[in-house]
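Chain A is the first sequence line, chain B the second, and so forth, proteins listed ahead of strands; every chain is numbered from 1.
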2 protein chains.
Amino acid sequence: MYKEKDEHIGIYTSHTIKAIIRFLTTELKQFDITPEQWIVLKRLAANDGITQKELAVLADKDRPSITRILDILEQKELARKEKHHTDRRSFSVFITPRGIELKNQLLPFLEDVYEDRILKAITDEELEVYRRVLEKMNRNIEGV
Amino acid sequence: MYKEKDEHIGIYTSHTIKAIIRFLTTELKQFDITPEQWIVLKRLAANDGITQKELAVLADKDRPSITRILDILEQKELARKEKHHTDRRSFSVFITPRGIELKNQLLPFLEDVYEDRILKAITDEELEVYRRVLEKMNRNIEGV
DNA sequence: AGTATATAGTTAGTATAGAAACTATTTTAA
DNA sequence: TTAAAATAGTTTCTATACTAACTATATACT
């Protein structure tokens with residue numbers, strides 16, 4: 001079908017994702033948050049009080065990234081860090097009331113953005129195949 | 001089907017692409033080139049002598065990015081810039097013999113990486129739907 | 001117990017994207 | 001034809017990912 005996979009799958013996927021992230025960045029600008037900061041806030045909201053390391057795993061970030069993003073979330077008073085009670089190397093991370101408020105706004109907002117705009121005219125069947133392809137690619141390169 | 005699109009489509013796509021780029025970065029390390037540098041080299045090979053601006057459009061890069069990536073490709077002696085003959089603001093960009101050699105190695109190498117590894121066990125039908133979903137998403141957010 | 005190893009987090013360096021300001025030119029238009 | 005606007009490219013700043021080196025603390029081993 002698509003003989004040039006680098007071109008028709010690799011580069012085209014990369015192009016599309018960049019476009020989606022640009023789009024989401026623009027949409028989220030009114031909330032003064034980036035898509036990457038959103039992932040961290042979302043994971044934190046669902047797992048309040050976990051350590052920075054656990055948050056990094058859940059948000060799919062490496063340690064330097066989670067350090068930087070948490071610095072930003074702290075500046076914006078969306079999250080705060082406390083010294084861990086028993087392990088003095090660690091921090092426990094908490095979401096603030098402002099963070100909860102923003103999360104409650106963004107959850108439905110983003111669902112609407114996906115439903116009404118990004119995924120418009122795409123059927124559930126197509127999305128199911130799309131997701132299955134992603135899962136297979138993940139499995140294929142897993143542990144590398 | 002997938003009710004939480006942000007989660008099951010947005011964040012999961014983002015996770016997968018990051019994994020693929022990490023995988024490709026590792027695979028390309030032996031050739032001392034990154035995936036982003038590769039896109040530029042590939043477009044340059046197919047359009048030798050075009051301006052930096054045209055190259056930026058073809059490689060899907062903004063102008064600061066193309067400046068930086070070309071600097072790196074010049075350092076590696078894979079590309080070179082010449083002052084444009086008629087427009088003194090512009091540069092014409094050329095691929096070097098070393099660049100051509102690397103491109104001739106990488107084109108088949110990457111096809112094998114996709115065919116045998118990244119896209120293993122994914123059918124042509126699934127890939128067709130996958131590509132169609134990407135196209136629809138692109139159209140949906142186009143011009144934003 | 002004391003040393004070696006592992007772990008949590010930070011910092012620094014490279015590569016990338018994107019916005020904004022800047023320089024040098026070219027084009028447009030008054 | 002000269003002033004204004006547009007364009008090509010660079011530089012700077014912020015945000016991100018990733019690697020490696022670093023600090024502080026905890027765990028394991030002898």
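For DNA chain D, the neighbouring residues in residues 48-79 of chain B, judged by any heavy atom under 4.0 Å, are B:Q52, B:K53, B:R63, B:P64, B:T67.
Side-chain atoms of B:K18 come within 3.5 Å of backbone atoms of A:D60 as a donor-acceptor pair (strictly under, hydrogens ignored). Not a single donor-acceptor pair under 3.5 Å links the side chain of B:S92 to the backbone N or O of B:H84.
Rounding to whole angstrom units, NE2 of residue A:H15 and C1' of C:dT16 are separated by 17 Å. Straight-line distance from the CD1 atom of B:I17 to the C1' atom of C:dT16: 16 Å, rounded to whole Å. Protein atom CG of A:D32 is 13 Å distant from nucleotide atom C1' of D:dT14, rounded to whole Å. Atom NE2 in A:H84 sits roughly 16 Å away from atom P in C:dT7 (whole-Å rounding). The nearest whole Å value for the distance from the CD atom in A:E82 to the P atom in C:dG9 is 14 Å. Between A:K83 atom NZ and D:dA26 atom C1' the separation is 16 Å, expressed in whole Å. For the pair B:I21 CD1 and C:dA17 C1', the interatomic distance rounds to 12 Å; values are reported in whole Å.
With salt bridges taken as basic N to acidic carboxylate O contacts below 4.0 Å, one links A:E82 and A:R80. Ionic pairing of B:K5 and A:E115 is present here: one or more N-O contacts between side-chain nitrogen and carboxylate oxygen are shorter than 4.0 angstrom. Ion pair A:E111/B:K3 not flagged as a salt bridge, since none of the NZ, NE, NH1 or NH2 atoms sits closer than 4.0 Å to an Asp/Glu carboxylate oxygen.
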Which parts of nucleotides 23-28 of chain C does protein reach within less than 4.0 Å, heavy atoms only, written one letter per nucleotide 5' to 3' as B for base, S for sugar-phosphate only and - for none? -BBS--
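B:R22 has no side-chain polar atom (N or O) that falls below the 4.0 Å cut-off from OP1 or OP2 of D:dA17.
For B:H8, the ring pair (Phe, Tyr, Trp, His ring centres under 6.0 Å) criterion is met by B:Y2, not counting sequence neighbours.
Linking Ile, Leu, Val, Met, Phe, Trp and Tyr whenever their side-chain heavy atoms come within less than 4.5 Å leaves B:L28 and A:I11 in two separate clusters.
Residue contacts for B:K81: at a heavy-atom cut-off of 4.0 Å it reaches the sugar-phosphate backbone alone, with no base atom in range.
Pairing each heavy atom of B:A19 with each of A:N138, the nearest pair is CB-OD1, 4.1 Å.
For A:T25 and A:R22, the side-chain atoms include no donor-acceptor pair closer than 3.5 Å.
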